[in-house]
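The first residue of the sequence shown is numbered 1, and numbering continues consecutively from there. Note that these values count all heavy atoms, side chains included, but never hydrogens, waters or copies made by symmetry.
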Amino acid sequence: MKRVVAFWLIVVVSAGVMAWTTPGLLKDIRLGLDLKGGFEILYQAQPLDANGKVTKEALLQTAKSLEKRANALGTSEPEIYPEGTDRIRVKIAGIKNEEEVREIMKKPADLTFRSAEGGKADAKTDLEKYPKIELRGDDFVENGAQLTYSQLREPQIAIKIKDKKKFQEISQRLLGKNLAIFLDDRLLSDPQVNGVFTDGTAVISGNYSVEEAKEMRDTINLGALPLKLNEKYSNSVEATLGQKSLNATMIASLIGCGIILLFMLVFYRLPGAIACFTLISFTWLLLLVFKLANITLTLPGIAAFVLGIGMAVDANIITYERVKEELRSGKSILSSFKAGSRTSLRTIIDSHVTTMIAAAVLFALGTGTVKGFALILILTIITSLLTNVVFSRFLMDLLLKDGVGHKLGYFGVKEREVRDL
């Protein structure tokens, strides 16, 4: 009797938690541009200098710069990442002025060091306060900015300038004054010039944290490697079209899942009812993973989601069919359940592992939507094993060991089908 009480306690509490949290999970899940509307651009990066190179570090820093620009424009959770050796993919959902964003995004990173010479006394903006450009990004040695530490273990940034005489003249003229650092017309820092630098090197110090110093180092190195972005591919989705796609996909998914649940109830009775509950638990747990991992849900992702539900159902069907075979051979219900669960486990593991291998290959070699599809498929496989193998068998075990469900009809088996009854 204790196991039956534990069974109902687990079911009721789990159902209550899922019903209470599901609306919030659905609201917080990130939607891709194919569901929310927006645009996607694939850029090919080229160096501004004919003798320059597109390095992995330069590509990564350029992607970071693009992400900062997108965030400054107020866009919602942009996805910007390098692809291959010279490409960057940009996905921005939920924007209104697409052309303006495209123009801003493809500009090279503009790093400048500015002085206050010629500035206005009543300057209202940082650019008006520091109007004169003293150094540009291409004046710095490639990857010349490095994170160092003072004798007091305070983080600072060591820099190298190509033209030593130019740097000497600037530092001599601005001795005791500020030399402000700007990226895309945005003030990053305004350190004071505390010496005359004759060897083309200097140290930027201040009240920086380690993370701030690293960001400053990366910004200067990015400015020393400005890249030109050429648009190779673009795709735009209107918000209304994305909403229609989401609605149509959700309706189709709900209909498919409803038919699956009905099938399990009709053909497998008591185990089918438990399978329905664990399938709902599987869906809720996957939504929770999406939220916690900040995964963006796209149309291919929903396809992988539904495919995962099919695989989860398959695991239950394999188990319950083996149980029915054991029942037809004349074994007791508890013995049949244990034997059926044991013999079906290897088949389930084999099918899930082979699918996991295929998904892992897709994730490793694919790009864009293919990689997203593979990631969600991997998550569905892991979640399916937890809910529809471990959790469902645990619930059935609680009932059967307390003597509940010890009738052949509860498993969809007729007495005339049992040998040696």
Side-chain angles (χ1 to χ4, degrees), residues 46-53 55 57-58 61-62 64-66 68-69 72 104 106-150 154-209 211-229:
Q46 295 178 338
L48 290 177
D49 187 356
N51 298 322
K53 293 182 179 180
T55 62
E57 183 180 8
Q61 294 304 324
T62 302
K64 289 182 179 179
S65 176
L66 292 178
K68 289 179 181 177
R69 291 182 186 180
I104 294 174
K106 70 180 182 182
K107 290 194 306 182
D110 186 18
L111 176 71
T112 56
F113 277 50
R114 297 169 178 258
S115 68
E117 291 187 0
K120 300 176 182 179
D122 58 344
K124 296 181 180 179
T125 66
D126 293 325
L127 284 176
E128 291 177 348
K129 184 178 179 181
Y130 299 102
K132 185 177 180 179
I133 298 176
E134 302 287 356
L135 295 168
R136 289 191 175 275
D138 53 3
D139 288 321
F140 292 84
V141 175
E142 183 177 321
N143 293 326
Q146 300 294 331
L147 176 65
T148 61
Y149 292 90
S150 67
E154 294 175 339
Q156 54 191 18
I157 306 97
I159 58 174
K160 292 182 180 181
I161 308 297
K162 295 176 182 177
D163 191 336
K164 297 179 182 179
K165 290 184 178 180
K166 180 179 180 180
F167 195 34
Q168 180 180 349
E169 185 277 326
I170 293 172
S171 60
Q172 193 168 13
R173 176 165 42 87
L174 299 178
L175 186 63
K177 300 178 182 178
N178 288 11
L179 185 61
I181 306 171
F182 284 79
L183 181 66
D184 293 335
D185 298 334
R186 181 170 59 91
L187 178 65
L188 301 180
S189 179
D190 57 347
Q192 189 179 70
V193 179
N194 293 322
V196 178
F197 308 112
T198 59
D199 60 353
T201 64
V203 172
I204 302 174
S205 60
N207 190 21
Y208 298 117
S209 66
E211 289 302 319
E212 289 171 340
K214 287 181 179 179
E215 185 175 357
M216 182 70 70
R217 173 203 61 189
D218 294 340
T219 299
I220 295 173
N221 285 333
L222 170 64
L225 283 167
L227 299 178
K228 179 173 65 176
L229 300 177

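Taking both residues in full, the closest heavy atoms of A158 and T148 are given as CB-CG2, 4.0 Å, listed atom of the first, atom of the second, then distance. Shown here for L175 and G195, the closest heavy-atom pair between the two residues is CD1-N, 3.4 Å. Taking every heavy atom of both residues into account, E134 and S115 meet most closely at OE2-OG, 2.7 Å.
Residues satisfying the ring-ring contact (aromatic ring centres under 6.0 Å, His included) criterion with F182, sequence neighbours excluded, are absent altogether. For T201, the side chain to side chain donor-acceptor pair (under 3.5 Å) test picks out D199, with sequence neighbours left out. Every residue meeting the side-chain contact (heavy atoms from CB on, under 4.5 Å) condition with I133, not counting sequence neighbours, appears here in chain and number order: T112, R114, R136. Under the ring-ring contact (aromatic ring centres under 6.0 Å, His included) criterion, F113 pairs with F140, not counting sequence neighbours. Partners of S171 according to the side chain to side chain donor-acceptor pair (under 3.5 Å) rule, which considers only residues two or more places apart in sequence or in another chain, do not exist here. Qualifying side-chain contact (heavy atoms from CB on, under 4.5 Å) partners for Q192, counting only residues two or more places apart in sequence or in other chains: N178, N194. Among residues two or more places apart in sequence or in another chain, the salt bridge (charged side-chain N to carboxylate O under 4.0 Å, His left out) test is passed with E212 by none. Legend: residues meeting side-chain contact (heavy atoms from CB on, under 4.5 Å) with E154, ordered by chain and number and at least two apart, are S150, L152. Residues passing the side chain to side chain donor-acceptor pair (under 3.5 Å) test with T125: none are found, sequence neighbours excluded. Annotation: salt bridge (charged side-chain N to carboxylate O under 4.0 Å, His left out) contacts of K177 (sequence neighbours excluded): none. Residues that satisfy the side-chain contact (heavy atoms from CB on, under 4.5 Å) test with K166, not counting sequence neighbours, are L135, D139, D163, I170. By the side chain to side chain donor-acceptor pair (under 3.5 Å) test, Q146 is found to be paired with no residue, residues two or more places apart in sequence or in another chain being considered.
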**OP:** Show the numbers, then the answer: is there a side-chain contact (heavy atoms from CB on, under 4.5 Å) between Q168 and V196?
**Re:** CA-CA 6 Å; Q168 180 180 349; V196 178; 4.0 Å; yes
Original post:
Do I181 and I204 pass the side-chain contact (heavy atoms from CB on, under 4.5 Å) test, and can you show the C-alpha distance, the side-chain angles, and the key distance before you say yes or no?
Top reply: CA-CA 10 Å; I181 306 171; I204 302 174; 3.8 Å; yes
**OP:** I would like to know whether K129 and L187 meet side-chain contact (heavy atoms from CB on, under 4.5 Å); could you show each step before the answer?
**Re:** CA-CA 11 Å; K129 184 178 179 181; L187 178 65; over 6 Å; no
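Separating the CG atom in L147 from the CD atom in Q156 is a distance of 8.5 Å, to the nearest 0.5 Å. The CD1 atom of I159 sits 4.5 Å away from atom CZ of F167, with the distance rounded to the nearest 0.5 Å.
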